[in-house]
Trainee: 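Please find one structure pasted underneath; my questions will follow.
Quick note on labels: first sequence line is chain A, next is B, and so on, each numbered from 1.
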Protein chains: 2
Amino acid sequence: MSDLNKPYILIVEDEAPLVTLLRYNLEKQGFRVEDTGDGGEALTRITEAPPDLLLLDWMLPTMSGIELCRQLRRRPATRALPIIMLTARAEEQDAVRGLDTGADDYITKPFSTEALIARIRALLRRSGSVPQKLKLNFHDISLDPASHRVIRNGRALHLGPTEFRLLEFFLRHPKRVFSREDVLNAVWGRDIHVEPRTVDVHIRRLRKAINGPGEVDIVRTVRAAGYALDLDLGEVA
Amino acid sequence: MSDLNKPYILIVEDEAPLVTLLRYNLEKQGFRVEDTGDGGEALTRITEAPPDLLLLDWMLPTMSGIELCRQLRRRPATRALPIIMLTARAEEQDAVRGLDTGADDYITKPFSTEALIARIRALLRRSGSVPQKLKLNFHDISLDPASHRVIRNGRALHLGPTEFRLLEFFLRHPKRVFSREDVLNAVWGRDIHVEPRTVDVHIRRLRKAINGPGEVDIVRTVRAAGYALDLDLGEVA
DNA sequence: CGCTACCGTCACAGCACTGTCACGGAACGC
DNA sequence: GCGTTCCGTGACAGTGCTGTGACGGTAGCG
């Protein structure tokens, strides 16, 4: 299956002819395409295997596009998923509301194929469209989301569930500082309430777990700001 | 100046009436707006103080919008800068090419203000809910807000939290003199009360932190006025 | 049921950082 | 020149932030 590495686009649209047209053009452009006409089914499929980009129709039978969009934006896992809304020209007002709800872009029917593809490319380029399944690594550490395994310098590490998610999150955004609030939202979930200092404790447990004797600390503390996955270089050559 | 911390939008457009309209609406939305009709000038201004978002007209006198866009995309510092292109309806084909060149979105004239603002919000939200992501640099110093790192001449500097915010503020408005009150409002916050002289002390700490031996002082004292991030040349050329 | 692994919270200590002051020197006006 | 205003500098006490160990609670499992 060579197309497992292609960018994966999910079309949520119930007009069959339009789907056929889109599928044809997008596959010609080298995308892997799946589709569904049902909002609920879309939600489960996205949960199972999040696409790199979502083409979302405004009018849907079971669940409206905007509602689906809202639900996706509530989940940490799909918060950054690029979404393009498809609307009829007359519904442009709603489309504007759609953007504020969380869609990244919209396009009005009828549209030219080139315009759509250009927008898709722009969005994918921006979101760095790297397939999500790859192993994550930084410095001498490696995390495999599929097998749920973490390795540093050849030796396997044992992490608790939260430590694992924490490390995975940091590995996805290396060298970037996150406040305790950011970390809570991303790792614990948007509407869970825990004390910000809890992050400190788990950072400590993570450090203890991944830092063997004589190994450098990969987690950098930035006072009054948060934490980052980064080498704590005091000086540079 | 209460708007120094607002998201900063640069408009590159030579039709004065349109600029006036845009400026009015965007400022009402809480953005700080600057504009220029010249592509070359835009480039220098972006280099000096990168905006959070760029509104870019396709037709420009000296340098075409698409050329400006291409140049910006070539530089690492502005590669992620969100760009919205403004084009006339008839030029839609070009706009598509514009997207492939590196613009993030385009909108065809005439457009509704709400549609534009919605797109702006979507872009700013996507580029990190905190609208500050681009690296800032001046002379031989570089500050990365994302990784919270400051580098001068290849060596990493260690700054305290306040020193960091202070430097970041000055880097966003280089070569501009700010009174102690301005600095307090922007860096400490509008309703925090501290003695104006406190700024002096932190300026000193900042100087000590960033000025290595044999390096020029980047912070210029303007007697009876305040401070500026600028090379201290004894006399004007 | 008891055991284990893990989680969230807290208290406390150490230390980096902060705001303020006093002093002396520099810059300026006359 | 002198007086005044302004700024650089070092010191210092108070504050706030983080690392750390400990503790009670819970879910899963045999």
Trainee: Under 4.0 Å between any heavy atoms, over every strand shown, what does B:F164 touch: base, sugar-phosphate, or nothing? Just pick one.
Mentor: nothing

Trainee: Where does the angle between the aromatic ring planes of A:H173 and A:F178 fall among parallel (under 30°), tilted (30 to 60°) and perpendicular (over 60°)?
Mentor: perpendicular

Trainee: For the pair made of CG in B:L184 and P in C:dT18, what is the distance, rounded to whole Å?
Mentor: 14 Å

Trainee: According to the salt bridge (Lys or Arg N to Asp or Glu O under 4.0 Å) rule, which pairs have a member within residues 161-170 of chain A, sequence neighbours left out?
Mentor: A:E168-A:R172

Trainee: Measure the distance from NZ on A:K208 to P on C:dC7 and round it to the nearest whole Å.
Mentor: 14 Å

Trainee: What I'd like to find out is whether the side chain of A:L81 reaches to under 4.5 Å of the side chain of A:I46, using heavy atoms alone.
Mentor: yes

Trainee: Respond yes when some side-chain nitrogen or oxygen of A:W188 is under 4.0 Å from OP1 or OP2 of C:dC7, and no when none is.
Mentor: no

Trainee: Give a yes or no on whether the backbone of B:D38 and the side-chain of B:T36 come within a donor-acceptor separation of less than 3.5 Å.
Mentor: yes

Trainee: Please identify the 5'-most and 3'-most nucleotides of DNA chain D with any atom under 4.0 angstrom from a heavy atom of chain B.
Mentor: D:dT5 to D:dA11

Trainee: Mind checking whether B:F31 and B:D52 have side chains closer than 4.5 Å, heavy atoms only?
Mentor: no

Trainee: How does each nucleotide of nucleotides 21-30 of chain C score, in 5' to 3' order, for protein heavy atoms under 4.0 Å: base (B), sugar-phosphate only (S), or none (-)?
Mentor: B-----BS--

Trainee: For the pair B:E13 and B:R23, find out whether any cationic side-chain nitrogen is under 4.0 Å from an anionic carboxylate oxygen.
Mentor: no

Trainee: Checking B:K28 now: which residues fulfil side chain to side chain contact (heavy atoms under 4.5 Å, CB included) with it, not counting sequence neighbours?
Mentor: B:Y24, B:N25

Trainee: Do B:D105 and A:R119 meet the salt-bridge criterion of a basic N to acidic O distance under 4.0 Å?
Mentor: yes

Trainee: Please determine whether a side-chain nitrogen of the Lys or Arg among B:R149 and A:D230 lies less than 4.0 Å from a carboxylate oxygen of the Asp or Glu.
Mentor: yes

Trainee: Is B:R152 paired with B:D140 through a side-chain N to carboxylate O contact shorter than 4.0 Å?
Mentor: yes

Trainee: Please list, for nucleotides 3-6 of chain C, all pairs of protein and nucleotide N/O atoms separated by less than 3.5 Å.
Mentor:
from, atom 1, to, atom 2, distance (Å)
C:dC6, OP1, A:H158, NE2, 3.1

Trainee: Between B:V222 and A:A224, name the one whose nearest nucleotide on DNA chain D is closer to the 5' end.
Mentor: B:V222

Trainee: Once you round it to whole Å, what is the distance between C1' of C:dT20 and CZ of B:R180?
Mentor: 15 Å

Trainee: State, without any angle test, whether B:R180 and B:T198 hold a side-chain donor-acceptor pair at a distance under 3.5 Å.
Mentor: no

Trainee: Quick one: do A:V201 and A:I203 satisfy side-chain contact (heavy atoms from CB on, under 4.5 Å)? Show the steps, please.
Mentor: CA-CA 5 Å; A:V201 181; A:I203 286 283; over 6 Å; no

Trainee: Salt bridge check, A:D104 against A:R73: does any charged N sit closer than 4.0 Å to a carboxylate O?
Mentor: yes

Trainee: Closest nucleotide of DNA chain D for B:R207 versus for A:T221: which of these residues is on the 5' side?
Mentor: B:R207

Trainee: Would you work out how much the helix from C:dC1-D:dG30 to C:dC30-D:dG1 bends between its ends, with each end axis defined by five base pairs, to 10 degrees?
Mentor: 30°

